[in-house]
Amino acid sequence: MQNNGKIENNAKDNMNYGILHLFASFLIIIAALAWDIINLPAQNSDSYANLKILTGITLVSRVGIPLFVMLRGAYLLDPENNISDSDIFKRHIPRLVFVFLSWSLFYALLEQKFFAGLMAHGPFGFWNLLDLDRLLESTVLGQPHFWYWYTLLGLYLVTPLLRVFIKNASKAQINYFTFLCVAVTVIVVLNDGDFQNYTLNRIISMSNIFLPLGFLGYYLLGYTIKKAVKGKAIAVTLLLVSIVVFYYSLIWTMEWNSIGTRAPVNLSLLNYLSPVIYIFGITIFVIAGEMRIIRLKDYKNEILSDLSKYTVTLYMIYPLVIQFCITANVISAAQKWQTLLLNSLIVFIVALILAIVIALPYRGIKKWLGNS
């Protein structure tokens, strides 16, 4: 009976976190489409009212990437999951590097119009036209949204140490370390964006404590929330807190960027490491863990779980899909929040379908090798 309960909980977690992967991907697309718009100061009352709504949507959507990090932490840091140091260094990190370099090389070739030149000059003639130094640099650095892969690599490198710590530390010690990581990043972000306190800035600079932490707070939160934070009462309380935080964060952000404000605008509360995004991330993660309202049949659970596996490819290609949709006039300029959400949904669906199509050959070969 106990084992059956554990299996049912694991199945529920897989479904809930599968939905969360897809939801986080959708939020990332919303944030990407809205970012350029909310970085333009309002010049009149109409644009200010519209900008306020778009900023509010973006406040919530900025939690997409932190949710991805929390999901990785919930899985990789859990001692109950049979993950060895060898798995980290021989499976997870090589896969991460392979995906990064493959897509980075693709974008680097696309940047130099390689594929168009290949059709015009043939498979041998066009290679001489490539700027190889630029190609190497672009491949190593990747696209702007590839920063997330460098963040993941850093987290993966410290995962073996974190797993030993979590396995042997007390609950209080784990919570303290998680709090420390979150608190340090929040203090640094708020001081850098809002307070600009010279003395605090000097202390932070001299301590050098910020550099090793970064997204480690989200990584640890994924595990600690999954293990320790349970119950509908907590989920409801966090939701109410998030609503209050959202209200005042939006008011403060708009006050900092009143009508006629010159660029650059102050969007420090939308920073990934701001307390606002932490609160939203924690709330959504807890609600996802407690979600009982969706009751689906087994085959539908499998579909959702299977679709979530394509979110990696979706993340790699979504800027390309946005560019394609704009060029093909599939989406229009998102000056209103309704248009922004519609555009985001279109890009999400197109990117998900394309991610599935791209993965078909790989999954077919993998299945064939497994059967042979």
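Position 1 is the first residue of the sequence, and the numbers go up from there. Predicted model, so just to flag it, every value in this text is computed and none were measured.
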For this session: Determine, step by step, whether Leu135 and Leu109 satisfy the side-chain contact (heavy atoms from CB on, under 4.5 Å) criterion, reporting the C-alpha distance in whole Å, the side-chain angles of both residues, the deciding distance to 0.1 Å, and the verdict.
Result: CA-CA 7 Å; Leu135 182 69; Leu109 291 171; 3.7 Å; yes
Within a strict 4.5 Å, meaning less than it, do heavy atoms of the [X] and [Y] side chains meet?
X      : Y      : value
Leu314 : Ile29  : yes
Met316 : Trp149 : yes
Ile30  : Thr58  : no
Leu216 : Leu162 : yes

Exercise. Can you check whether Leu101's main-chain N or O pairs, donor with acceptor, with Ser104's side chain at less than 3.5 Å?
Worked result: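 Not confirmed, Ser104 side chain does not pair with Leu101 backbone.
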For this session: Check whether any side-chain N or O of Thr224 sits under 3.5 Å from a backbone N or O of Leu221 as a donor-acceptor pair, and report yes or no.
Result: yes
Which residues share a side chain to side chain donor-acceptor pair (under 3.5 Å) with [X], sequence neighbours left out:
X      : value
Tyr148 : none
Tyr219 : Thr159
Ser242 : Thr283
Asn168 : none

Exercise. Partners of Phe23 by side chain to side chain contact (heavy atoms under 4.5 Å, CB included), sequence neighbours excluded?
Worked result: Leu20, Leu27, Ile284
With [X], which residues qualify under ring pair (Phe, Tyr, Trp, His ring centres under 6.0 Å), at least two apart?
X      : result
Trp337 : none
Phe165 : Phe177
Phe68  : His21
Tyr150 : Phe100

[X]-[Y] co-clustered via ILVMFWY side chain contacts under 4.5 Å:
X      : Y      : value
Val140 : Phe106 : yes
Phe179 : Val276 : no
Met254 : Leu40  : no
Leu220 : Val164 : no
Ile358 : Phe324 : no

Does atom [atom1] of [X] have more than 12 heavy-atom neighbours, drawn from other residues, nucleotides or ligands, at distances under 6.0 Å?
X      : atom1 : value
Lys52  : NZ    : no
Glu111 : CD    : yes
Phe146 : CZ    : yes

Mind listing the side-chain donor-acceptor pairs of residues 338-352 below 3.5 Å, one per line with the distance, residues two or more places apart or on another chain?
unit_1	atom_1	unit_2	atom_2	d
Asn343	ND2	Ser332	O	2.7
Asn343	ND2	Thr339	O	3.4
Ser344	OG	Leu340	O	2.8

Exercise. Does the pair Leu269 and Leu250 meet the rule for a side-chain contact (heavy atoms from CB on, under 4.5 Å), with working shown?
Worked result: CA-CA 9 Å; Leu269 292 182; Leu250 184 56; over 6 Å; no
Drop me the distance from [X]'s [atom1] to [Y]'s [atom2], to the nearest 0.5 angstrom.
X      : Y      : atom1 : atom2 : answer
Leu76  : Leu155 : CG    : CG    : 9.5 Å
Tyr310 : Leu354 : OH    : CG    : 12.5 Å
Tyr318 : Ile28  : OH    : CD1   : 6.5 Å
Leu152 : Leu157 : CG    : CG    : 10.5 Å
Asp78  : Asn82  : CG    : CG    : 11.5 Å
Leu67  : Ile282 : CG    : CD1   : 10.5 Å

Report the relative orientation of the aromatic rings in [X] and [Y]; use parallel for angles under 30°, tilted for 30 to 60°, perpendicular for over 60°.
X      : Y      : answer
Trp103 : Tyr107 : tilted
Tyr75  : His92  : perpendicular
Tyr315 : His145 : tilted

For this session: Before giving the answer on side-chain contact (heavy atoms from CB on, under 4.5 Å), spell out for Leu110 and Leu320 the whole-Å C-alpha distance, their side-chain angles and the decisive distance to 0.1 Å.
Result: CA-CA 10 Å; Leu110 198 65; Leu320 200 61; 3.5 Å; yes
For this session: Report the hydrophobic cluster partners of Val236, with the cluster defined as I, L, V, M, F, W, Y residues connected by side-chain heavy atoms closer than 4.5 angstrom, directly or transitively.
Result: Leu240
Problem set entry | Members sharing Leu161's hydrophobic cluster (side chains within less than 4.5 Å) |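 None; Leu161 is a cluster of one.
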Over all atoms of both residues, closest heavy-atom pair of [X] and [Y]:
X      : Y      : result
Gly222 : Ala74  : O-CB, 3.4 Å
Leu273 : Tyr278 : O-CE1, 3.5 Å
Leu59  : Ile277 : O-CD1, 3.4 Å
Ala169 : Ile174 : CB-CG1, 3.9 Å
Pro275 : Val186 : CD-CG1, 3.8 Å
Pro79  : Ile166 : CG-CG2, 3.9 Å

Problem set entry | Candidate pair Asn50 and Ser47, rule side-chain hydrogen bond (donor to acceptor under 3.5 Å, both in side chains), full reasoning | CA-CA 5 Å; Asn50 184 58; Ser47 62; over 6 Å; no
For this session: Determine, step by step, whether Leu71 and Phe285 satisfy the side-chain contact (heavy atoms from CB on, under 4.5 Å) criterion, reporting the C-alpha distance in whole Å, the side-chain angles of both residues, the deciding distance to 0.1 Å, and the verdict.
Result: CA-CA 9 Å; Leu71 286 163; Phe285 204 83; 3.9 Å; yes
Problem set entry | Check: Ser268/Asn271 side-chain N/O donor and acceptor closer than 3.5 Å |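 The answer is no; no qualifying pair exists.
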